[in-house]
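Take a look at the structure below.
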Amino acid sequence: MSVAPRTSADQLPEPPALYFDPDERSWVMAADTASRFVLVPRLDGNLITDPSALADMADDFGHLIHRTPLAWLRPGSTADVVTMVRFARRHGIRLVGRGCGHTAFGQAQAEAGLVVDMRSLCQIHDIMLDRVRVDAGVIWRDLILATTAVGLTPPVLTDFTALTVGGTLSVGGVGGRSFRYGAQVDQVVELQVVTGQGELLTCSAEAHAGLFYGMLAGLGLCGIVVQATLRLIPTRQHARTYRFFYPDHTTLLADLRWLTTCSAIDYIRGNAVPIPAQSATPAGGPGSRRLRFQFFLEATVFYDDVGELAGLPDLDLPVAGEADQVEDRTYVAFTDQVVQLVNELDAAGLGQLPHPWLDLFVPDSAVKHVSTDILAQLDDTTFGPGSLLLFYPFSRDTLRCPLFRVPDEPTFVLVDILRTIAPDPDLMAAVVARNRHLYERVVSTGGQLYPISAVPMDTRDWARHFGPLWQELTRTKQQYDPDALLGAGLRIFD
């Protein structure tokens, strides 16, 4: 069983009774009650209204948007989610389901609404021969530890595994094995969902299929996932990573695509990391310095016995040739590497700085030119310590969930611009504006946004994002959330 991260709310005493004032849109204690006040239903968990605690839910990983909710629900059961969604519907309270809040632009916030913090529902129920049933608040890292103990693993993992199952399924969930297995949403067998009407429904490709596909990469617009059944595959005990270094991004991208044709490779990721201590060259403004990068590919093979690697096909890449570095780790240590890196960055004080991340699916036909544009715009003011670029290859024929929006070309690349910047309001606004410009540039090539990003979007933008599926999504929204209460942070249907 997972344990939800502790927060300042864990030490707050639960009030004996709580009332909602529909006129003032506020919560009051029993001693203040009047006839118009509505008693909040009894819960197995906690409904937190203390202003100091609500600040935790008025922020996210991006530290760019801050919207304070009316209340924060830490459910003690699925029944709590049902109860409070129904309560919210009766009283017109907007709400949003939230995992770890690892988004960059307020996607999991609910201004003057209700945040349903799913981390308290974190039980791993059943590990079967080829699947596992888990609560939506289970952390992927905990799930890996549980499944690898019996020789199994989820096929696709995000590099940063300290995220909830429900959180990544709401956006897609991608990683270095996506070129072969697709996204995390493509591994889902069944969901249990609380709809915007407060109904608890079990859905799959066979039952309530409209809701099922409306939830997978559906941004939490039609319901809140409370439980998921996920496919598992056999795991290996060890991971060997080969690193190939490049003089520029163009040569890296050429070998990145070639690696996807090598059947022995299990995981692929491209990297561009700023080189420290550079010479000062005017770039983005007074005092800024243009960045130089170290470019390298990581190709990883999973194995049980080192003897298996003797039969590995020749890894002399077309451009790079033989690997410059080779590293062996356990499979679990391999999946945990980014968690450890993030812990180090947090310890250095970088975790609380703004992260205006931008994640773009770029068609293969445009990725070289788009990447050139991106690199030309980066300097040490807009790409601070802890920043990097990542490149993940994809094949469209591995993807099955319609709302996971990607380019129409057979192959494409996810380009992640992972920025850390100083907490300067003018700089933050300027970088978000640059994000919007790059987003438009990529859309003009047939690309798509990965919607964890820091990009301002209105309803027309989202209609363009979902394209031919917009009308179907709108109908699904009207069927399962007719009052448009869900998805408060995105404001798509406002």
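In this text the structure is predicted, and so the values were computed from the model without any measurement.
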When you compare the side chain of Ile124 with that of Val132, does any pair of heavy atoms fall below 4.5 Å?
yes
Please list all pairs meeting salt bridge (Lys or Arg N to Asp or Glu O under 4.0 Å) that have one or both residues in residues 335-346, counting only residues at least two apart or in different chains.
Arg141-Asp336
Tell me the closest heavy-atom pair linking Gln109 and Ile65, and the distance in Å.
NE2-O, 3.0 Å
Which heavy atom in Gln448 sits nearest to a heavy atom in Val442, and how many Å separate them?
N-CG1, 4.1 Å
Run the side-chain donor-acceptor check on residues 406-414: report pairs under 3.5 Å with partners two or more places apart or on a different chain.
residue : atom : partner : partner atom : Å
Asp408  : OD1  : Arg396  : NH2          : 3.4
Glu409  : OE1  : Asp364  : N            : 3.3
Glu409  : OE1  : Ser365  : N            : 3.2
Glu409  : OE1  : Ser365  : OG           : 3.4
Glu409  : OE2  : Ser365  : OG           : 2.4
Thr411  : OG1  : Asp364  : OD2          : 2.4

Would you say Ile224 and Val193 make side-chain contact, with heavy atoms under 4.5 Å?
no
With sequence neighbours left out, write down each residue that passes side chain to side chain contact (heavy atoms under 4.5 Å, CB included) with Ala207, or none if nothing qualifies.
Ser204
For side-chain contact (heavy atoms from CB on, under 4.5 Å), just list the numbers for Tyr242 and Val301, CA-CA rounded to whole Å, side-chain angles, deciding distance to a tenth of an Å, and then say yes or no.
CA-CA 8 Å; Tyr242 301 85; Val301 179; 4.1 Å; yes
4.5 Å side-chain heavy-atom contact, Val138 and Thr164
no
Hits for side-chain hydrogen bond (donor to acceptor under 3.5 Å, both in side chains) against Trp357, two or more places apart or cross-chain, chain-then-number order -> none
Sorted by chain and residue number, the salt bridge (Lys or Arg N to Asp or Glu O under 4.0 Å) partners of Glu298 (sequence neighbours excluded) come out as Arg243, Arg269
Do you see a donor-acceptor pair shorter than 3.5 Å between the side chains of Trp140 and Thr168?
yes
Could you work out, with side chain to side chain contact (heavy atoms under 4.5 Å, CB included) as the rule, every residue matching Val150, not counting sequence neighbours?
Ile127, Leu152
Main-chain N/O of Gln184 paired with Gln187 side-chain donor or acceptor, under 3.5 Å:
no
Sequence neighbours left out, what passes salt bridge (Lys or Arg N to Asp or Glu O under 4.0 Å) with Arg464? Give chain and number order.
Glu440, Asp461
Check whether any side-chain heavy atom of Tyr267 sits under 4.5 Å from a side-chain heavy atom of Thr241, and report yes or no.
no
Least distance between heavy atoms, Phe383 atom then Ile421 atom:
N-CG2, 4.5 Å
Do we see a donor-acceptor contact under 3.5 Å between the side chains of Asp379 and Thr381?
yes
Closer than 3.5 angstrom, by distance alone: can the side chain of Arg419 be matched with the main-chain N or O of Thr382 as a donor-acceptor pair?
yes
Asp305 side chain vs Gly307 backbone, donor-acceptor pair below 3.5 Å
yes
For the residue pair Leu345 and Gly386, what are the closest heavy atoms and their distance?
CD2-CA, 4.4 Å
Could you tell me which residues satisfy salt bridge (Lys or Arg N to Asp or Glu O under 4.0 Å) with Asp426, sequence neighbours excluded, listed by chain and number?
none
Pair Glu111 + Arg94, salt bridge at N-O below 4.0 Å
no
Write out all pairs satisfying side-chain hydrogen bond (donor to acceptor under 3.5 Å, both in side chains) with one or both partners inside residues 469-479, taking only residues at least two apart or from two chains.
Lys477-Asp481
Chi angles and distances behind the salt bridge (charged side-chain N to carboxylate O under 4.0 Å, His left out) call for Arg289, Asp380
CA-CA 6 Å; Arg289 297 183 299 178; Asp380 61 358; 3.0 Å; yes
Treating His238 as the side-chain partner and Arg236 as the backbone partner, does any N or O pair qualify as donor plus acceptor under 3.5 Å?
no
Begin from the C-alpha positions of Leu163 and Ile139 and carry the test side-chain contact (heavy atoms from CB on, under 4.5 Å) through to its verdict.
CA-CA 5 Å; Leu163 305 172; Ile139 302 295; over 6 Å; no
Of all residues at least two apart in sequence or in a different chain, which pass the ring pair (Phe, Tyr, Trp, His ring centres under 6.0 Å) check with Tyr450?
Phe361
Taking the side chain as everything from C-beta on, heavy atoms only, tell me whether Pro356 gets closer than 4.5 Å to Asn435.
yes
Go through the side-chain N and O atoms of Tyr246 and Asn271 and say whether any donor and acceptor fall under 3.5 Å apart.
no
With ring pair (Phe, Tyr, Trp, His ring centres under 6.0 Å) as the criterion, how do Phe394 and Phe179 come out once you've worked through the C-alpha distance, each side chain's angles and the decisive distance to 0.1 Å?
CA-CA 4 Å; Phe394 276 77; Phe179 75 98; 9.1 Å; no
So does His369 have more than 12 non-hydrogen atoms from other groups sitting under 6.0 Å from NE2?
no
Classify the ring geometry of Phe61 against His63: parallel below 30°, tilted from 30° to 60°, perpendicular beyond 60°.
tilted
Are Ile268 and Leu256 close enough, and set up right, to give a side-chain contact (heavy atoms from CB on, under 4.5 Å), and what steps lead you there?
CA-CA 8 Å; Ile268 304 169; Leu256 180 79; 3.6 Å; yes
Checking Ile233 now: which residues fulfil side chain to side chain contact (heavy atoms under 4.5 Å, CB included) with it, not counting sequence neighbours?
Thr153, Pro155, Arg177, Tyr181
Check the pair Tyr331 / Phe302 against ring pair (Phe, Tyr, Trp, His ring centres under 6.0 Å), numbers first and verdict last.
CA-CA 7 Å; Tyr331 176 77; Phe302 302 136; 5.0 Å; yes
Please set out all donor-acceptor pairs under 3.5 angstrom arising from side-chain atoms of residues 96-106, sequence neighbours excluded.
residue : atom : partner : partner atom : Å
Arg98   : NH1  : Asp59   : O            : 3.1
Arg98   : NH1  : Ala108  : O            : 3.3
Arg98   : NH2  : Asp59   : O            : 2.9

Can you find a pair of side-chain heavy atoms, one from Arg131 and one from Glu190, that are under 4.5 Å apart?
no
Do Leu219 and Ser170 have side chains that get closer than 4.5 Å, going by heavy atoms?
no
How far apart are the closest heavy atoms of Leu143 and Pro154, and which atoms are they?
CD2-CG, 4.2 Å
Student check: side-chain heavy atoms of Arg441 and Leu360 closer than 4.5 Å:
no
